[in-house]
Amino acid sequence: MQMTQNLPIPPVAPEQSCPIQYGALCWRMHRGKVEVLLITSRDTGRWVIPKGWPMDKRTPAQAAAQEAWEEAGVQGEIAEIRLGGFDYQKIINPKRALACHVEVFALRVTKLVNKFPERQQRRRKWFSAEKAARKVNEPELRQLLGHLEGHLGEDAGLVIA
């Protein structure tokens, strides 16, 4: 992923009011509870999930998984079924923000590596789903995190075990 100021802004589809990004909600089971991996944004240091623009020759879920690798060093199983979505303001520069919509895919983490492309630009940390919901700024993402355990299951292509 390139630095924010160099990113070309993808065209907006006629049926969309803002550009779409794809995000990975990275999770694991730890001591019988669901935990979520959050990362810091490069521009503001807020807690966010890995996300980025669509990629040629990748499904939305595959693009989300690629962002999780680049931004957090995550490897795992991505669900092809969309978990939900949220809107946020992407900071383009100090005087400009762009309204974006993020389609979110659940990614069950099987491995975290320490050497990944954006390791010097971000921090990552595991939180309970409830605490992660309190850490993020976006209300729709907060709601997704707050109801995460109810969304994970065979219907979502993921099984908690």
Side-chain angles (χ1 to χ4, degrees), residues 1 7 10 12-13 15-42 46-90 99-119 121-161:
M1 189 163 94
L7 279 177
V12 177
E15 68 278 1
Q16 297 294 326
S17 60
C18 55
I20 291 183
Q21 291 189 308
Y22 300 118
L25 198 157
C26 303
W27 68 280
R28 71 177 181 186
M29 290 301 296
H30 183 71
R31 296 183 180 168
K33 298 277 187 179
V34 173
E35 288 188 336
V36 174
L37 185 72
L38 295 180
I39 61 172
T40 54
S41 68
R42 291 187 298 193
R46 294 181 304 109
W47 289 108
V48 297
I49 64 170
K51 61 190 168 305
W53 303 115
M55 297 177 185
D56 288 340
K57 299 180 183 173
R58 291 183 196 252
T59 67
Q62 290 168 340
Q66 180 64 33
E67 292 296 336
W69 158 251
E70 292 176 10
E71 296 180 3
V74 167
Q75 296 175 351
E77 302 168 36
I78 190 85
E80 287 290 333
I81 299 169
R82 173 186 174 274
L83 187 62
F86 67 94
D87 297 321
Y88 84 108
Q89 295 291 317
K90 179 167 185 62
C100 291
H101 179 75
V102 181
E103 295 287 308
V104 179
F105 297 85
L107 190 159
R108 186 169 192 167
V109 177
T110 56
K111 185 176 182 181
L112 275 182
V113 298
N114 291 324
K115 189 174 180 181
F116 57 96
E118 296 184 20
R119 68 187 172 278
Q121 300 166 33
R122 302 179 185 272
R123 290 185 305 132
R124 62 185 181 186
K125 186 173 179 181
W126 288 104
F127 295 98
S128 69
E130 298 80 22
K131 189 166 187 178
R134 293 192 303 269
K135 293 285 185 182
V136 299
N137 287 349
E138 299 78 17
E140 296 160 309
L141 178 56
R142 191 175 302 132
Q143 188 174 25
L144 248 179
L145 289 163
H147 297 95
L148 182 60
E149 289 192 45
H151 291 294
L152 299 177
E154 291 186 40
D155 290 344
L158 300 166
V159 179
I160 297 175

Residue set satisfying salt bridge (charged side-chain N to carboxylate O under 4.0 Å, His left out) with Arg46, at least two apart, ordered chain then number -> Glu138

May I ask you to test the [X]-[Y] pair for a side-chain heavy-atom distance under 4.5 Å?
X	Y	value
Pro50	Cys26	yes
Leu83	Phe105	no
Lys125	Leu38	no
Leu141	Val48	no
Gln62	Glu80	yes
Leu112	Leu37	yes
Glu77	Thr110	yes
Arg28	Trp126	yes

Over all atoms of both residues, closest heavy-atom pair of [X] and [Y]:
X	Y	result
Gly23	Val102	N-CG1, 3.6 Å
Tyr22	Glu67	O-CG, 4.4 Å
Val34	Met29	CG2-SD, 3.6 Å
Arg124	Val113	NH1-O, 2.9 Å
Ile20	Pro54	O-CD, 3.4 Å
Ala68	Ala24	CB-CB, 3.9 Å

Has the side chain of [X] got a donor or acceptor atom that lies under 3.5 Å from a matching backbone atom of [Y]?
X	Y	result
Arg142	Asn137	yes
Arg58	Met55	no
Glu71	Lys51	yes
Thr40	Arg123	yes

A quick test of your reading: do over 12 heavy atoms of other residues, nucleotides or ligands sit less than 6.0 Å from CD of Gln89? yes

In Å and rounded to the nearest 0.5 Å, what is the [atom1] to [atom2] distance from [X] to [Y]?
X	Y	atom1	atom2	value
Arg108	Trp27	CZ	CH2	4.0 Å
Phe86	Cys100	CZ	SG	9.5 Å
Lys90	Cys18	NZ	SG	13.0 Å
Gln121	Ile39	CD	CD1	10.5 Å
Leu148	Glu130	CG	CD	9.0 Å
Glu35	Ser128	CD	OG	7.5 Å

What do the steps show when you test Gln21 against Tyr88 for side-chain hydrogen bond (donor to acceptor under 3.5 Å, both in side chains), and what is the final call?
CA-CA 10 Å; Gln21 291 189 308; Tyr88 84 108; 2.5 Å; yes

Taken in chain and number order and not counting sequence neighbours, the residues that satisfy side chain to side chain donor-acceptor pair (under 3.5 Å) with Glu103 are Arg82, His101

**Prompt:** Does the side chain to side chain contact (heavy atoms under 4.5 Å, CB included) test come out yes or no for Trp69 and Gln75, once each step is laid out?
**Reply:** CA-CA 6 Å; Trp69 158 251; Gln75 296 175 351; 4.0 Å; yes

### Query
Does the side chain to side chain contact (heavy atoms under 4.5 Å, CB included) test come out yes or no for Leu25 and Leu107, once each step is laid out?
CA-CA 6 Å; Leu25 198 157; Leu107 190 159; over 6 Å; no

With sequence neighbours left out, the residues meeting ring pair (Phe, Tyr, Trp, His ring centres under 6.0 Å) with Phe127 are Trp47

